[in-house]
Amino acid sequence: MVPRYALFGHPVAHSFSPRIHGAFARQCGVAMDYALIDAPAEGFAAALADFAHAGGAGGNVTLPHKVSALALCDDASPRARRAGAVNTLVRRGDGWYGDNTDGVGLVRDLATRHRHDLRGRRTLLLGAGGAATGITPAMLDAGISELVIVNRSPERANALADTLGEPGRVHARDWSDLDALDSFDLIVNATSAARTHASLHLPPSLVGRNTLAVDLGYGEAAHDFLAWARSAHCQDALDGLGTLVEQAAEAFALWHGTRPQTDPVYELLRHELLVSGTD
Ligand code: ATR
């Protein structure tokens, strides 16, 4: 029987993940089945249990389940524990092992594909949900000088800053403080505001001479933030497509013990976004 893998999220219908893992599997000569499982928050635990019962070998987790997935794991990697969020599941014995490959995916995309050195960058993180928490340990490890976390609900920003346990380098500020903050060298949008077509109302004073802006989404979801970043003269404005492909490669390596080439898959999907007019 072909080993079964799946992406859990809500919604998941338009995810690129089955295409990415399908391409990796062909490239590496691995047989795998990769399904999309749309589960609302209250149905995630049951959907994951059903999947395990049906012989599921591994999975990816996307919003809104990244934080709750950690609690459903019997064991988890140090980076998943530090992030407080899981995006990759591996079936081990009778339980799930959780990992988080989002942060390493982001850093690999920025540093290797786009040649941006993160060291010393004063960084603004917008959002404190599952996507935001997952990338913070790797960004700190990549040598950013300061991490300012701003979230619509300030208590989540405070909680994330506390969890990271680096009071000298990590600070939570209120959204209403954005006008008063100095410029940043790196601004990461990890909110899901685009899903409800909400505007983030970001002041251009956040942008300095060499600011890199990154949206963790891609296609339509990244459009508004990247348009703001370009109009505010960011040095570079990148979407999350590269991060998506890199985090998937890391998950694939965890499942199959072999690391796929990411560039051909990235180029293919980038071309599709361009052709579809959503890039
Ligand atoms: P994910 O796993 O994608 O991070 P999430 O855990 O639901 O999903 O988190 C979504 C993030 O986007 C949160 O930081 C959320 O802010 P709240 O914690 O206040 O809910 C943020 N967000 C969603 N809509 C937003 C909006 N219109 N403006 C600003 N932030 C928003």
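Whatever order the structure lists ligands and atoms in, that order sets their numbers, starting from 1. Below, all heavy atoms of this structure are taken into account, side chains as well, without hydrogens, waters or symmetry copies.
Of the listed residues (His197, His201, Arg156, Arg152), the one carrying the non-hydrogen atom nearest atom 13 (C) of ligand 1 is Arg156. Taking only non-hydrogen atoms, the option from Leu160, Asn151, Ile149, Asn87 nearest to atom 15 (C) of ligand 1 is Asn151.
In this structure, Glu250 pairs ionically with Arg108, as a charged nitrogen and a carboxylate oxygen lie closer than 4.0 Å. The pair Glu267-Arg113 fails the salt-bridge criterion, with no side-chain N (NZ, NE, NH1 or NH2) lying under 4.0 Å from an Asp/Glu carboxylate O.
When only non-hydrogen protein atoms are considered, atom 21 (C) of ligand 1 lies nearest to Thr191 CB, 3.8 Å. From the protein, the heavy atom lying nearest to atom 19 (O) of ligand 1 is Ser153 OG, 2.4 Å. In terms of protein heavy-atom proximity, atom 9 (O) of ligand 1 is nearest to Gly129 CA, 3.5 Å.
For Phe252 and Trp255, the distance between ring centers is not under 6.0 angstrom. Taking the six-membered ring where the residue is Trp, the centroids of Phe8 and His65 are separated by 6.0 Å or more.
Distance remark: protein heavy atom not present below 4.0 angstrom from atom 7 (O) of ligand 1.
The atoms of ligand 1 that sit less than 4.0 Å from any heavy atom of Leu200 are 28 (N), 29 (C). With ligand atoms numbered from 1 in the order given, ligand 1 contributes 1 (P), 2 (O), 4 (O), 6 (O) to contacts under 4.0 Å with heavy atoms of Gly130. Residue Gly127 approaches ligand 1 through these ligand atoms, each under 4.0 Å from one of its heavy atoms: 14 (O). Every atom of ligand 1 is numbered from 1 in the order shown, and the set under 4.0 Å from a heavy atom of Ala198 is 27 (N).
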**ring pair (Phe, Tyr, Trp, His ring centres under 6.0 Å) between His256 and Tyr5, worked out** = CA-CA 11 Å; His256 306 294; Tyr5 295 81; 5.2 Å; yes
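Taking distance alone, with nitrogen or oxygen atoms compared against 3.5 Å, Ser192 approaches ligand 1 more closely than that limit. In terms of polar-atom proximity, defined here as any N/O pair under 3.5 Å, Trp175 makes no such contact with ligand 1. Remark: ligand 1 and Pro64 share no N or O pair separated by less than 3.5 Å (distance only, no angle test).
With a 4.5 Å cut-off on side-chain heavy atoms, His116 and Arg121 count as touching.
For Tyr266, the ring pair (Phe, Tyr, Trp, His ring centres under 6.0 Å) criterion is met by no residue, not counting sequence neighbours. Applying the side chain to side chain contact (heavy atoms under 4.5 Å, CB included) rule to Arg173 yields the partners Val148, Val150, Asp177, Leu181; only residues at least two apart in sequence or on another chain are considered.
For the residue pair Ser77 / Asp99, a side-chain donor-acceptor distance below 3.5 Å is found, with atom types taken as modelled.
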